[in-house]
Amino acid sequence: MQENEKALSPEDLTRLFVERSNAGDAAGVAALYEENAVMAYPPGSQTIGRDAIQQLWEKVLDGAPRFEQEQPLPTLISDGIALTSTPPRDGAGARAQVVRRQPDGTWLRLLDQPEFVTPAP
């Protein structure tokens, strides 16, 4: 089994997510998350843990969706923790992730909020 490319910067995670999703690689997508990561998806619920995230992406990727790269907003980094975000092209509102530097210097997602939708007034 070939080892996946690792994120050497926080911004790499978004690029790798798109590449792996478009390749239908749910295990590769899940490998971008820490073992106990929390993802706020599907909307209104949470998916907790790398195994559950992989199972979720297996279902999502069965439909062969196409993802496009989104230009990241400036990353905030403090003491091995970073906040990454992108303004989505699909009008979903916003995307944000808290990522953490791993002991080997690479980065993994800890918290993932793939969609922020503006609340109705």
Side-chain angles (χ1 to χ4, degrees):
M1 180 168 83
Q2 180 180 351
E3 185 173 326
N4 285 321
E5 177 184 353
K6 293 187 176 191
L8 301 178
S9 72
E11 297 83 4
D12 286 343
L13 288 163
T14 297
R15 174 183 58 81
L16 293 170
F17 169 84
V18 170
E19 290 173 3
R20 294 174 189 182
S21 294
N22 288 342
D25 182 5
V29 170
L32 300 173
Y33 292 83
E34 288 194 359
E35 193 63 42
N36 295 310
V38 177
M39 184 174 157
Y41 193 84
S45 63
Q46 294 182 351
T47 302
I48 301 171
R50 185 182 289 154
D51 291 340
I53 290 169
Q54 179 174 339
Q55 291 173 10
L56 170 77
W57 281 106
E58 287 170 354
K59 292 175 189 170
V60 171
L61 296 178
D62 274 348
R66 248 357 244 163
F67 294 88
E68 293 186 35
Q69 292 291 347
E70 297 169 339
Q71 185 64 34
L73 296 170
T75 299
L76 299 174
I77 301 174
S78 177
D79 197 28
I81 301 288
L83 174 65
T84 63
S85 57
T86 57
R89 293 182 182 188
D90 65 7
R95 305 184 202 288
Q97 300 81 34
V98 175
V99 303
R100 183 168 25 206
R101 184 180 294 121
Q102 304 301 298
D104 66 357
T106 63
W107 295 82
L108 292 175
R109 288 179 171 173
L110 175 62
L111 301 171
D112 186 4
Q113 178 77 50
E115 297 180 359
F116 282 100
V117 178
T118 305

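Heads up: numbering here begins at 1 and tracks the sequence.
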J.: Hey, what do you get for CG (Asn36) to CG (Asp51), rounding to the nearest 0.5 Å?
T.: 9.5 Å
J.: If hydrophobic clusters are built by linking Ile, Leu, Val, Met, Phe, Trp and Tyr wherever their side-chain heavy atoms come under 4.5 Å apart, do Leu56 and Val18 end up in the same one?
T.: yes
J.: What's the shortest heavy-atom distance between Arg20 and Gly28, and which atoms?
T.: NH1-O, 2.7 Å
J.: Can you get from Trp57 to Val38 by hopping between Ile, Leu, Val, Met, Phe, Trp and Tyr side chains that sit under 4.5 Å apart?
T.: no
J.: Do side-chain atoms of Thr47 reach the backbone of Tyr41 as a donor and acceptor pair under 3.5 angstrom?
T.: yes
J.: Which label fits Phe17 and Phe67: parallel for a plane angle under 30°, tilted from 30 to 60°, or perpendicular past 60°?
T.: perpendicular
J.: Taking the side chain as C-beta and beyond, is there a heavy-atom pair between Gln54 and Glu58 under 4.5 Å?
T.: yes
J.: Under 3.5 Å, sequence neighbours excluded: what are the donor-acceptor pairs made by side chains of residues 74-85?
T.:
from, atom 1, to, atom 2, distance (Å)
Thr75, OG1, Glu11, OE2, 2.6
Thr84, OG1, Gln97, OE1, 2.8

J.: Test side-chain contact (heavy atoms from CB on, under 4.5 Å) on Trp107 and Leu13; report intermediate values, then the result.
T.: CA-CA 8 Å; Trp107 295 82; Leu13 288 163; 4.1 Å; yes
J.: Quick one: side chain to side chain donor-acceptor pair (under 3.5 Å) pairs with a partner in residues 22-34, sequence neighbours left out?
T.: Tyr33-Arg109, Tyr33-Asp112, Glu34-Arg100, Glu34-Gln102
J.: Test of understanding: clusters of I, L, V, M, F, W, Y form through side-chain heavy atoms closer than 4.5 Å, transitively. Do Leu111 and Val99 belong to the same one?
T.: no
J.: For residues Lys6 and Asp104, determine if any side-chain heavy atom of one lies less than 4.5 Å from a side-chain heavy atom of the other.
T.: yes
J.: Who are the side chain to side chain donor-acceptor pair (under 3.5 Å) partners of Glu5, not counting sequence neighbours?
T.: Arg15
J.: Could you state whether Val98 and Ile48 fall into the same hydrophobic cluster, counting links through intermediate Ile, Leu, Val, Met, Phe, Trp or Tyr residues with side-chain heavy atoms under 4.5 angstrom apart?
T.: yes
J.: I need the Asn4 CG to Leu32 CG distance, nearest 0.5 Å.
T.: 7.5 Å
